[in-house]
Amino acid sequence: MLIFSSGLQLQQHLQKIKGTIGFVPTMGALHEGHLKLISQAKASNDCVVCSIFVNPTQFNNAEDLAKYPRTTEQDIQALLTTACDVLFLPAVEDIYPNGTELKKPYELGFAATVLEGAFRPGHFQGVAQVVDRLLELVKPHQLFLGQKDLQQIAIIRAMAKIHHPQVEICAVPTVRAADGLAKSSRNQRLNAAERAIAPVIYQTLVSIQSKAGLASFAIIKKESIEFLESKGLKVEYLSLIDSNTWEELEEFDNQKEMAVLIAAFLGPVRLIDNILL
Ligand code: AMP
């Protein structure tokens, strides 16, 4: 595996690659979810590029950015066990040579205004900004994203449709711990008691999925929030959406492809998860 920290050197190397490039952007603190994206990328590409960059422009909370785990040495060791060919470890100046300020907001559509978009102002603009820049540098054939961040996939699709229409976006199912908790770099910040409680998020999603169409979503939603809060979580949202339009639905609608998404604080850590219905 080759490691580049300069965007220019990365580009010079990638220009020499003959086959296809699969790209996996990450913020590091790598876990099995990230590694799954890499193996999926290798399954359909000649060369896999992974980036690790804790993108300051997508954090709307300074403490979250400061506390985001940075484990580069461990990450390199983990990547050496995978099919990753190139690791890009840029500095902020490489990604944002003209500063982090966004000159013109991205048009991300309605999907960017709800749920994460509503609770984390500016977050998706920052995500679009960094992925746009990374795609410009890496110029991959395929981009691999995790369904763990379902809304992020919709936002990146909207950005890429305009700025990188040649890139194929590939969604990879969420990798979970044995108890169902979605693997996340943020899980490292949970203490033992919180870690033991955290699987209730996925249990709630599975329970809602099993009741879909059999009972009223409004009632299920109320009971689910009460259950999660009884376990000590603070729920930001628990929403049913049309996964094509991202419109929130009051009730289940079999005519639509749907997803349920949860964001909740457990102690100081904000966790998100979702399930397709
Ligand atoms: P992050 O480092 O959290 O920004 O995530 C980098 C990429 O890994 C994103 O496309 C995430 O959706 C994906 N990802 C994170 N956690 C998981 C998971 N548990 N399963 C699958 N993909 C994941």
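Each residue takes its place number in the sequence, starting with 1. When a ligand or atom number is given, it counts from 1 through the structure's own listing order. All figures in this text were calculated on a predicted structure; none of them were measured in a lab.
Atom 20 (N) of ligand 1 has its closest protein heavy atom at Val175 N, 2.8 Å. What sits closest to atom 22 (N) of ligand 1 on the protein, heavy atoms only, is Gly146 CA, 3.5 Å. Nearest protein heavy-atom contact of atom 13 (C) of ligand 1 is Leu37 CD1, 3.7 Å. The single protein non-hydrogen atom nearest to atom 4 (O) of ligand 1 is Met27 CG, 3.7 Å, given as residue, atom name and distance.
Applying the 6.0 Å contact sphere to CD of Glu248 captures more than 12 heavy atoms from other residues, nucleotides or ligands. Counting non-hydrogen atoms of neighbouring residues, nucleotides and ligands closer than 6.0 angstrom, the NZ atom of Lys231 reaches no more than 12 such neighbours. Around the CD atom of Glu101, the shell of radius 6.0 Å holds no more than 12 heavy atoms that belong to other residues, nucleotides or ligands. The 12-atom threshold is exceeded at CG of Leu214, counting heavy atoms of other residues, nucleotides or ligands nearer than 6.0 Å.
A salt bridge between Glu32 and Lys36 is absent, with no side-chain N of the basic residue lying under 4.0 Å from a carboxylate O of the acidic one. Under a 4.0 Å N-O distance rule, the pair Arg70/Asp75 does not qualify as a salt bridge. Contact check on Arg270 versus Glu116 returns a salt bridge, with a Lys/Arg side-chain nitrogen under 4.0 Å from an Asp/Glu carboxylate oxygen.
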Exercise. Could you check Leu238 against Ile208 for side-chain contact (heavy atoms from CB on, under 4.5 Å), going step by step and ending with a plain yes or no?
Key: CA-CA 11 Å; Leu238 187 160; Ile208 296 172; 3.9 Å; yes

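Taking a 4.0 Å cut-off on heavy atoms, His34 registers as neighbouring ligand 1. Residue contact check for ligand 1: His31 places a non-hydrogen atom closer than 4.0 Å to it. Contact annotation: Ala29 has no heavy atom less than 4.0 Å from any atom of ligand 1.
Between Ser185 and ligand 1, a contact under 3.5 Å exists for no N or O pair. Any N or O atom pair closer than 3.5 Å counts here, and Asp149 shares at least one such pair with ligand 1. Residue-to-ligand polar distances keep Gln147 apart from ligand 1: every N/O pair is separated by 3.5 Å or more. Any N or O atom pair closer than 3.5 Å counts here, and Val172 shares no such pair with ligand 1. Remark: ligand 1 and Ala182 share no N or O pair separated by less than 3.5 Å (distance only, no angle test). For ligand 1, the polar-atom distance check against Pro25 finds no nitrogen or oxygen pair separated by under 3.5 Å.
The list of ring pair (Phe, Tyr, Trp, His ring centres under 6.0 Å) pairs with a residue in residues 224-274, not counting sequence neighbours, reads Phe119-Tyr237, Phe217-Phe252.
Remark: ligand 1 atoms within the under-4.0 Å shell around heavy atoms of Tyr68 are 3 (O). Ligand-side atoms of ligand 1 in range of Thr174: 19 (N), 20 (N), 21 (C), range being under 4.0 angstrom from any heavy atom. Residue contact check: Leu145 has heavy atoms under 4.0 Å from atoms 10 (O) of ligand 1. Near Pro173, meaning under 4.0 Å from any of its heavy atoms, are these atoms of ligand 1: 21 (C). Near Lys183, with a cut-off below 4.0 Å to any heavy atom, the atoms of ligand 1 are 16 (N), 17 (C), 18 (C), 19 (N).
You'll find the side chain of Asn55 stays beyond 4.5 Å of the side chain of Ile95, heavy atoms only.
The salt bridge (charged side-chain N to carboxylate O under 4.0 Å, His left out) check on Arg176 picks up Asp273, with sequence neighbours excluded.
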